[in-house]
Amino acid sequence: MQRNRLIAAAGLATVVVEAGWRSGTLNTAGHAAALGRPIGAVPGPISSAASAGCHRLLREFDAICVTSAQEVRELWDDRVPIAPEAARADPDRIRLTDAMSSRTARDADDLARRSGLSAERVRSLLGLLALEGSAEQTPDGWKRTA
């Protein structure tokens, strides 16, 4: 229980992805709501037991249905700057950004090869870049936006 409180307090928003009716994640969402933090939900099919908790959040906690990284960013509102200075100084982020093109979409494996980073690291950084609006995913891969 203490862990759920810490997680809720540490984040600017809480996003729950496919939680069951009695999921522990719902406790974290409840603590976030008590702290006045926004709650997002990524539910699955209405017929899935694994989605019941998210549907409950949408009904009972006025959670926002989240379908993209940009919508997660919108939950944060203007509470933080888009790209903190420390994030811009990350050498891996710089290598990945340099490997990306603003015109040609490239998949994560190609970006890993071009940047010299592991594919796992590239995928995690791509998610962060998408959240801050520096990259976008297209059907053909990833492009730099800024």
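Rounded to the nearest 0.5 angstrom, Leu96 CG and Leu125 CG are separated by 5.5 Å. The distance from the CD1 atom of Ile94 to the OG atom of Ser115 is 12.5 Å, given to the nearest 0.5 Å. Note: Leu26 CG to Thr14 OG1 = 11.5 Å, rounded to the nearest 0.5 Å. For the atom pair CZ (Arg3) and CG (Asn27), the distance works out to 10.0 Å, reported to the nearest 0.5 Å. The CD atom of Glu18 sits 11.5 Å away from the OG1 atom of Thr25 when rounded to the nearest 0.5 Å. Atom OG in Ser68 sits 12.0 Å away from atom CD in Glu136 (nearest 0.5 Å).
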Yes or no on side-chain contact (heavy atoms from CB on, under 4.5 Å) for Leu131 and Gln70, after CA distance, side-chain angles and deciding distance?
-> CA-CA 6 Å; Leu131 281 173; Gln70 179 58 36; over 6 Å; no

Met100 and Trp142: CA distance, side-chain angles, deciding distance, side-chain contact (heavy atoms from CB on, under 4.5 Å) verdict | CA-CA 8 Å; Met100 296 177 76; Trp142 290 87; 4.0 Å; yes

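Without hydrogens or angle criteria, Thr97 side chain to Arg93 main chain gives a donor-acceptor distance under 3.5 Å. Glu60 places no side-chain N or O within 3.5 Å of a backbone atom of Arg56 that could act as its donor or acceptor partner. Judged by distance alone, with hydrogens and angles left aside, the side-chain atoms of Ser124 form a donor-acceptor pair with the main-chain N or O of Arg121 at under 3.5 Å.
Donor-acceptor pairing under 3.5 Å is recorded for the side chains of Ser134 and Glu132.
Side-chain contact check for Leu126 versus Leu111: some heavy-atom pair is nearer than 4.5 Å. Counting heavy atoms from C-beta on, the side chains of Val15 and Leu75 come closer than 4.5 Å.
Nearest heavy-atom pair across Ala135 and Thr145 is N-OG1, 3.4 Å. Minimum interatomic distance between Arg37 and Gly11 (heavy atoms only, all atoms of both residues): NE-O, 2.8 Å. Considering every non-hydrogen atom in both Ala29 and Leu57, the closest pair reads CB-CD2, 3.8 Å. Closest approach of Ala99 to Arg106, counting heavy atoms only: O-NH1, 3.4 Å. Of all the heavy atoms in Leu58 and Cys65, the pair that sits closest is CD2-N, 3.7 Å. Glu71 and Thr67 make their closest contact through OE1-N, 2.5 Å (heavy atoms, listed as atom of the first residue, atom of the second, distance).
No salt bridge links Asp109 with Arg113; every basic N to acidic carboxylate O contact stays at or beyond 4.0 Å. The pair Asp107-Lys143 fails the salt-bridge criterion, with no side-chain N (NZ, NE, NH1 or NH2) lying under 4.0 Å from an Asp/Glu carboxylate O. The existence of a salt bridge linking Arg95 and Asp98 is excluded, since no basic side-chain nitrogen approaches an acidic carboxylate oxygen closer than 4.0 Å.
Residues Ile64 and Val42 fall within the same hydrophobic cluster, defined by Ile, Leu, Val, Met, Phe, Trp and Tyr side chains chained together at heavy-atom separations under 4.5 Å. Cluster membership for Leu12 and Val72, using ILVMFWY side-chain heavy atoms within less than 4.5 angstrom, is shared.
The neighbour count for Arg22 CZ, taken as heavy atoms of other residues, nucleotides or ligands under 6.0 Å away, does not exceed 12.
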